[in-house]
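Reading through the structure tokens given below for one structure.
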2 protein chains.
Amino acid sequence: MKMSEGVEWAAHACTVMAALPPDKALRAEALAAYHALAPAYMAKHLQALARAGIVASSRGPKGGYWLAKEPAQISLWEIVAAIDGGEPAFRCSEIRRRGPCPTSRENCKKPCPIARSFHSAETAMRDALSGVTIQSICLDVAAGYKPADAKRFGDWMVATMTDRPPDK
Amino acid sequence: MKMSEGVEWAAHACTVMAALPPDKALRAEALAAYHALAPAYMAKHLQALARAGIVASSRGPKGGYWLAKEPAQISLWEIVAAIDGGEPAFRCSEIRRRGPCPTSRENCKKPCPIARSFHSAETAMRDALSGVTIQSICLDVAAGYKPADAKRFGDWMVATMTDRPPDK
DNA sequence: GGCATCATACTCGGATAAAGATTGTCCGAGTAATTCCGG
DNA sequence: CCGGAATTACTCGGACAATCTTTATCCGAGTATGATGCC
């Protein structure tokens, strides 16, 4: 039960994009460089976020990515679902129906107790992740920033971000 | 974030072993045949359960597997940890410390908010699974059994189980 | 006949291949800025 | 000098390999049974 490493990349990238001023964008290569990550692979994950509607994108010169929704409306679970797939980790194979003593047809109407327990546990995890938003993470990070850190980040952002096309 | 399929196999095998009379055992091949599963692969998972101390085993003729603890003392989480590894699904790479704007040394004393959120969510899932025991699953399954089902299962068990060595 | 010993058959245990998923990379589709040409 | 169209440069998007984990299997280590030979 290992989560894709790209989830971490995507989550951090979203926190960076959350600091973008309106009508600005960040290139995939810039978002990768910010954390010293492989540019092509980061691009792949950003594409997944775009497909899920979490970020918007624009091609061509002055292109890039930006958040498609307010940071308070983006949860960690959405990111997990976009990158890693929203399918449940435990997938019941209904092996109870196989073999010499299969479960009766009537009992099969109700889900397998084992599968139900896992489903419930995963729901608890999903609910916990759904309650954490990009905004809350950014506030938490910003609370630990010293003036020098904030200035360095702001300078990098101003030097890196691009004007994105007015429409779309 | 996919859970190993062997977790399902192991959990169902434990429910079958929970019905064993005292001082009896079931061979790996029998446990595999009960759910029409690959015998060699089921054996591998039973070995993992044995390493974790969930089941005990005996080699040679009349050998087999049986639960090493009371069904009420075996949780689904223990089985997951034994088969799939108890390591957390989300593993923080500390990418915040890399790149042009690394997090200050002082902030690194506290864990990354993203990692902490995932850790909390996984704890919720783990706690939910820790509350589900093999005993509770067996009771749930047995509640749906008709007399004919119970008899078929009992007959199979009596015909398949073996006396295990008295000691060990 | 009783007992110890040896051979045998049967089971688990760990080491060994095959398959699938994840990770990582590249080149083509699309767009805005730039350049060049004509009026 | 100004306007417009073609060109160019730059970006995202999806298709293509390499690596790793998971899946699946086989043969060797260990043990109780049964046979055999000896007392």
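Below, read A as the first sequence line, B as the second, and so on, with proteins coming before strands; counting in each chain starts at 1.
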Exercise. Within the structure, does a side-chain N or O atom of B/S4 lie under 4.0 Å from either OP1 or OP2 of D/dT23?
Worked result: yes
Problem set entry | Separation of atom CE in B/M3 from atom C1' in D/dT21, rounded to whole Å | 16 Å
For this session: Using atom CZ of B/R59 as one end and atom P of D/dA32 as the other, report the distance to the nearest whole Å.
Result: 11 Å
Exercise. Is a salt bridge present between B/K2 and A/D84, judged by a nitrogen-to-oxygen distance below 4.0 Å?
Worked result: no
For this session: Return the value, rounded to whole Å, for the distance between atom CG of B/D84 and atom P of C/dA21.
Result: 16 Å
Exercise. Taking the inter-plane angle between the rings of A/H12 and A/H35 on a 0 to 90° scale, is it parallel (under 30°), tilted (30 to 60°) or perpendicular (over 60°)?
Worked result: perpendicular
Exercise. Does any non-hydrogen side-chain atom of B/T133 lie less than 4.5 Å from one of B/Q73?
Worked result: no
Exercise. Nearest to the side chain of A/R27 - C/dC12, C/dA9, D/dC12?
Worked result: D/dC12
Exercise. Which nucleotide in the set C/dT23, D/dA24, D/dA9 lies at the smallest distance from any side-chain heavy atom of A/E5?
Worked result: C/dT23
For this session: State whether the number of non-hydrogen atoms from other residues, nucleotides or ligands found under 6.0 Å of B/E70 atom CD is greater than 12.
Result: no
Seminar exercise, completed: Between NZ of A/K62 and C1' of C/dA32 the distance, given in whole Å, is 10 Å
Exercise. Looking at B/S57, does any N or O in its side chain come under 4.0 Å of the phosphate oxygens OP1/OP2 on C/dG13?
Worked result: yes
Exercise. OG1/B/T15 to CE/B/M17 distance, rounded to the nearest 0.5 angstrom?
Worked result: 8.5 Å
Problem set entry | Partner set under ring-ring contact (aromatic ring centres under 6.0 Å, His included) for B/W156, not counting sequence neighbours | B/Y34
Find every protein N or O atom lying less than 3.5 Å from an N or O atom of nucleotides 6-8 of chain C, and list the pairs.
none

Problem set entry | Separation of atom CH2 in B/W66 from atom P in C/dC12, rounded to whole Å | 10 Å
Exercise. Between C/dT22 atom P and A/K2 atom NZ, what is the distance in whole Å?
Worked result: 9 Å
For this session: Pull out every residue in residues 37-51 of chain A that has a heavy atom closer than 4.0 Å to any atom of DNA chain C, ordered by number, or say none.
Result: A/A38, A/A40, A/Y41, A/K44
Exercise. Would you call B/R96 and A/E8 a salt bridge, using N to O less than 4.0 angstrom?
Worked result: no
Exercise. Salt-bridged, A/D163 to A/K62, with N to O below 4.0 Å?
Worked result: no
Exercise. C/dT22 P sits how many Å from B/M1 CE, rounded?
Worked result: 11 Å
Exercise. Base, sugar-phosphate, or nothing for A/G6, non-hydrogen atoms under 4.0 angstrom?
Worked result: nothing
Problem set entry | Length of the line joining B/R164:CZ and C/dC12:C1', which is rounded to integer Å | 16 Å
Problem set entry | Lys/Arg N to Asp/Glu carboxylate O, B/E5 vs A/R91, below 4.0 Å | no
